[in-house]
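As the structure lists them, so they are numbered: ligands from 1, and atoms in each ligand from 1. When reading the values below, keep in mind they use all heavy atoms of this one structure, side chains included, and skip hydrogens, waters and symmetry mates.
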Amino acid sequence: MSGVLVVMEQRGGAWNRMSWETLAAGQQLAAQVGGTASAAVTGQGVDALAGELAKKKLDLVYAVDHDLLASYTADGYTAALEQLIRKANPTLVLFPHTYQVRDFAPKLATRFGQVLVSDAVGFRVESGSPVFVRQLFQGKLNADVRTGGAAPHFASIQAGAFRADQLQDGAATVENFQPSLDVATIRAKPLEPFRESARAVDLTAAEIIVSVGRGIKEKDNIPIVEELAKALGAELAASRPICDSGWLPMERQVGSSGQTVSPKVYMAVGISGAIQHLVGMKGAKTIVAINKDANAPIFEVADYGIVGDLFEVVPALVEEVKKAKS
Ligand SMILES: Cc1cc2nc3c(=O)[nH]c(=O)nc-3n(C[C@H](O)[C@H](O)[C@H](O)COP(=O)(O)OP(=O)(O)OC[C@H]3O[C@@H](n4cnc5c(N)ncnc54)[C@H](O)[C@@H]3O)c2cc1C
C-alpha cells in the first residue's frame with residue numbers, strides 16, 4: 001500500500017468537521033503502512049481552504065476547482081474526483097461518512113469497479129494492508145472488512161471514530177487541479193441549500209454535558225438531571241426518545257440526527273448507548289455512564305461507569321458536587 005488520499009468536505013467555504021477526523025485517520029494509516037498521505041478539497045474558489053489544509057502534515061494538497069463544482073452535485077463531484085484519482089493514483093481513498101459522501105462515493109467507487117467500505121469505526125494494518133472495522137446490528141457486533149481487487153480502494157469514516165486533535169501539523173505543497181467538466185453531464189440542478197433554523201442552544205461549545213435518556217421514565221423526572229447539570233455548570237442534553245416525546249427541545253438531542261458534541265466531560269444518564277447516539281458523543285474526552293444495566297453498550301465507550309439506579313445515584317452526586325463546591 002503506498003498512498004492515502006483523504007477527500008475533505010466543505011460547504012460555502014466552511015469545513016465539515018468530520019473531514020478533520022478523517023484526515024487524522026488518513027495520517028495514521030499512512031504512517032502505519034509507510035505510505036504517503038494527501039488530501040483534496042473540492043469546490044469553486046477553494047484556494048484559502050487548500051491553504052489551511054497545507055498546514056497539516058501531508059505530502060500534497062489538491063485544490064480541485066471548477067465553476068461547475070460551486071454547488072454540490074453527485075455527477076459533478078464524481079466526475080471531478082474520478083479524474084483526480086486517475087491522476088493521483090492513490091491506493092486508498094478515505095471520506096468522512098457524511099450525507100453528501102453517502103450520496104456520491106458509492107457511485108465513484110463503482111467507476112473503479114470497487115465498492116465503498118462505509119462507516120468504518122477503525123482499522124488495523126495486516127501484512128501492509130488495512131482491515132477496516134464496521135459495526136453491525138446497532139453496534140452489537142464488529143465486522144472486519146478487507147478490501148479486495150485492484151486499487152484504489154474506498155472507505156468512509158464514522159463521525160467521532162478518530163480525533164481531530166491528534167492531527168499532525170506540517171507544511172504541504174498545494175497543487176491546483178482543474179477537472180474537465182461538461183454542464184450537459186450534470187443532471188441535477190441545485191436549488192438554494194437547506195438551512196436549519198438557528199439553534200438557541202449550541203451544545204458543540206459546551207465543556208460539560210449531562211445527557212438524559214429513557215431511563216428517566218417520565219417528563220416530571222427531568223428536574224432530577226437538570227439539578228446535576230446545574231451543579232456541574234453543564235448543558236443539559238438528551239437521547240432522541242426524550243426529544244421525540246417533547247420532554248426536552250429537539251435542539252438538545254445528541255446523535256446521528258441531532259448534534260455532534262465533543263465536550264471535556266459527557267455524562268450519559270439512563271442512556272443505553274445505541275449507535276445513533278454514540279456517533280454524536282463518542283468524541284468526548286471523558287465519558288461517564290450511569291445505567292442500571294451492567295451490559296448496556298454505553299459502558300463500552302465509557303471511561304467511568306456507575307451501575308446503579310439513576311434515581312439514587314444522581315441525587316447523591318448532586319449532594320457531593322455541592323459539598324465539593326462549597
Ligand atoms: C435513523 C435513526 C436516527 C436516530 N437518531 C438518533 C439520535 O440522533 N440520537 C439518539 O439518541 N438516538 C437516535 N436514534 C434512536 C436510537 O436508535 C435509540 O433508540 C435511542 O438512542 C435510545 O435512547 P435511550 O438510550 O434514551 O433509550 P433506551 O435504549 O430505552 O435506553 C434506556 C436505558 O436506561 C436504562 N435505565 C432504565 N431505568 C434506569 C434507572 N432507573 N437507572 C439507570 N438506568 C436506567 C436502561 O438500562 C437502558 O439502558 C435514531 C434511530 C434511528 C433509526
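A salt bridge is defined here as a Lys NZ or Arg NE, NH1 or NH2 lying under 4.0 Å from an Asp or Glu carboxylate O, and Asp75 with Lys107 meets this definition. Looking at Lys322 and Glu227, a side-chain N of the basic residue comes within less than 4.0 Å of a carboxylate O on the acidic one, giving a salt bridge. Looking at Glu226 and Lys230, no side-chain N of the basic residue comes within less than 4.0 Å of a carboxylate O on the acidic one, giving no salt bridge. We find that Asp169 and Lys57 are not joined by a salt bridge, their nearest charged nitrogen and carboxylate oxygen being 4.0 Å or further apart.
In summary, the atoms of ligand 1 found under 4.0 Å from a heavy atom of Gly213, numbered by their order in the structure, are 26 (O). For ligand 1, the atoms sitting less than 4.0 Å from at least one non-hydrogen atom of Gly308 are 42 (N), 43 (C), numbered in the order shown with element in parentheses. Near Gly258, meaning under 4.0 Å from one of its heavy atoms, ligand 1 places the atoms 8 (O). Heavy-atom contacts of Phe311 reach the following atoms of ligand 1: 41 (N) (cutoff under 4.0 Å). Taking a cut-off of under 4.0 Å to the non-hydrogen atoms of Ala274, the atoms of ligand 1 that pass are 16 (C), 17 (O), 18 (C), 21 (O). Near Asp309, the atoms of ligand 1 lying under 4.0 angstrom from a non-hydrogen atom of the residue are 40 (C), 41 (N), 42 (N). Shown in contact with Asp293 at under 4.0 Å from a heavy atom are these atoms of ligand 1, numbered in order with element: 47 (O). Each of the following atoms of ligand 1 lies closer than 4.0 Å to a heavy atom of Gln253: 6 (C), 7 (C), 8 (O), 9 (N).
A centroid separation of 6.0 Å or more is found between the aromatic rings of Tyr62 and Phe177. Between Phe123 and Phe162, the ring center distance clears the sub-6.0 Å criterion.
Using 4.0 Å as the threshold, Gly280 has no heavy atom nearer than that to any atom of ligand 1.
The option with the heavy atom closest to atom 33 (C) of ligand 1, from among Ala296, Ala268, Gly270, is Gly270.
The backbone and the side chain of Ser239 each have at least one atom closer than 4.0 Å to an atom of ligand 1 (non-hydrogen atoms only). In Ile242, neither the side chain nor the backbone holds a heavy atom less than 4.0 Å from any atom of ligand 1. Heavy atoms from both the backbone and the side chain of Ser257 come within less than 4.0 Å of ligand 1.
You'll find the side chain of Met250 reaches within 4.5 Å of the side chain of Asp244, heavy atoms only.
Heavy atoms of other residues, nucleotides or ligands lying less than 6.0 angstrom from OH of Tyr304 number 12 at most.
Aromatic ring orientation, Phe154 versus Phe95: parallel (interplanar angle below 30°, classes split at 30° and 60°).
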